[in-house]
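Protein chains get the first letters and strands the later ones, always in sequence-line order, with residue 1 at the start of each.
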There are 2 protein chains.
Amino acid sequence: MTTINSEQPFNREVQYAAKRRAVIRSAAGAFRRRGYHNTSMVQIAKSLGLSKAALYYYVKSKEEILFECHVMMYDAMDTAVLSVRCKGDNGLEKLKRLYGAFAALMTRDGLALLADIDSLKGDFQLAVLARRGKIERAVNRIVERGMKDGSIKKADPRITVFFFMGALNWLNVWYEPDGRMSGEKITEMFVEQMSEGIAS
Amino acid sequence: MTTINSEQPFNREVQYAAKRRAVIRSAAGAFRRRGYHNTSMVQIAKSLGLSKAALYYYVKSKEEILFECHVMMYDAMDTAVLSVRCKGDNGLEKLKRLYGAFAALMTRDGLALLADIDSLKGDFQLAVLARRGKIERAVNRIVERGMKDGSIKKADPRITVFFFMGALNWLNVWYEPDGRMSGEKITEMFVEQMSEGIAS
DNA sequence: AAGTATTTCGACCCTAAAGTCAATTAAAGA
DNA sequence: TCTTTAATTGACTTTAGGGTCGAAATACTT
């Protein structure tokens, strides 16, 4: 049973999981570029050199792929929130680092913050809404903290957050990895722009 | 032929055009709320008290509806650009008024700046891309002008425009006409936020 | 090499929803 | 009231694309 292989990275489960992740990531890119409904399972399959049927060996449904795309992004965002929380900067500094981390997820890691939440039904949608709410609250908390400690100018935190998170979302739509401007540069400029708009 | 009726607003052509516009507007709202692909022709029809077949008396296809939604918005934006151009303010003031006008189109007039451009094929898509480009260039020009006259701080104008236009786009997603905050208030705060981020 | 488990595929099924049409109803004009 | 044209419909056709299945291929184990 438990041979030496199960300790190595190339046992069955690990490979299965890796391929599954590849499916999700590839689909995420296609969804970002063309949208969920304009991307067929056949297209996703072909871009991986597979047939459509093979896809269903790794995934239960197209909706599940979309769900996992969201989960992947929110996992990464949660991590970013965690990594920012501990350090002892003021609100603005925290927010700048967090915002930069978010932007980097898109420009560097190829993740996408998909808006397509209405294409998810029932529990899938509820779960994603819950995670989005969690992130939103975390960002709100940092902004409020910044308003208290005087590093961020006072305003309605919800609108402030909607504003610069909206800008980030739009990045999904127009950003092309091979564009003339590098992801790092864009990230940097976004942080700058956000920060200039809210610093007191 | 040309009876007195054709001078009145209730002749045939005018009514036809009005109903057609009603179809587009109603669909635009549904597209904004649930997305293009999550809205069926039957839903659009029922929300107007019509059958699906009747819809096709006013419209050639679902894609045409989406196209007209875009056109309606870009017409309104073009008008806003025109109305801002003549007056002799500096770049920042022009931009503030334009941005406010854009936001008002969404919060007051129920128009939507739909992102769903990939659901349009061929000439439809080309036409919309052309109009989007035109608006983008107009906004860019104002920003550049503002950077020249010193009212807007120097930076890459393209990124700057993407940034605050993205925020505007995101408004489509979260704004609900019956929400706790009024459209006027939101518009005002958006202008403020944008302006703070770019004024020199 | 044989046997077993995993992975992949071609061909098919099924359904939601776009789109059509002949027939009916409502409205306008005489 | 009769005629003509506009507006609307129920019932139908079509199709894209998600999802299934049993068989074939490939990879692993002994």
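- Rounded to an integer number of Å, the gap from CG of Leu55(A) to C1' of dT6(C) is 17 Å.
- Salt bridge present: Glu196(B) and Lys153(A) bring a charged side-chain N and a carboxylate O closer than 4.0 Å.
- With Thr107(B) contributing its side chain and Ala103(B) its backbone, the two residues share a donor-acceptor pair below 3.5 Å.
- For the pair Ile44(A) CD1 and dG19(D) P, the interatomic distance rounds to 10 Å; values are reported in whole Å.
- Under the 30°/60° scheme for interplanar angles, the aromatic rings of Phe190(B) and Trp174(B) are found to be tilted.
- With the nearest nucleotide of DNA chain C identified for both His37(B) and Leu50(A), Leu50(A) has the one nearer the 5' end.
- Along DNA chain D, the nucleotide closest to Ala53(A) and the one closest to Tyr36(A) are compared, and the more 5′ of them pairs with Tyr36(A).
- To the nearest angstrom, C1' of dG18(D) lies 12 Å from CZ of Phe31(A).
- The distance from atom CG of Asn38(A) to atom C1' of dG18(D) is 15 Å, rounded to the nearest whole Å.
- Look at Tyr56(B) and you won't find any side-chain N or O under 4.0 angstrom from OP1 or OP2 of dT8(D).
- Side-chain atoms of Ala54(A) lie closest to dT8(C) of the nucleotides dG10(D), dT8(D), dT8(C).
- Ring centers of Tyr57(A) and Tyr16(A): under 6.0 Å apart, within the cut-off.
- Ser40(A) comes within 4.0 angstrom of the backbone, heavy atoms only, and of no base.
- Note: CZ (Arg20(B)) to P (dA7(D)) measures 14 Å, nearest angstrom.
- Within the structure, every side-chain polar atom (N or O) of Lys52(B) is placed at least 4.0 Å from both OP1 and OP2 of dC12(D).
- Regarding Tyr57(A), its OH atom lies at a distance of 16 Å from the P atom of dC21(D), rounded to whole Å.
- Computed from coordinates, the Gln15(A) CD to dT7(C) P distance equals 8 Å when rounded to whole Å.
- At whole-Å resolution of the value, NZ in Lys60(A) and P in dG18(D) are 14 Å apart.
- Side chain of Lys19(B), nearest nucleotide from dT8(D), dA18(C), dC9(C): dT8(D).
- Salt-bridge check for Asp118(B) with Arg33(A): failed, with every basic side-chain N at 4.0 Å or more from each acidic carboxylate O.
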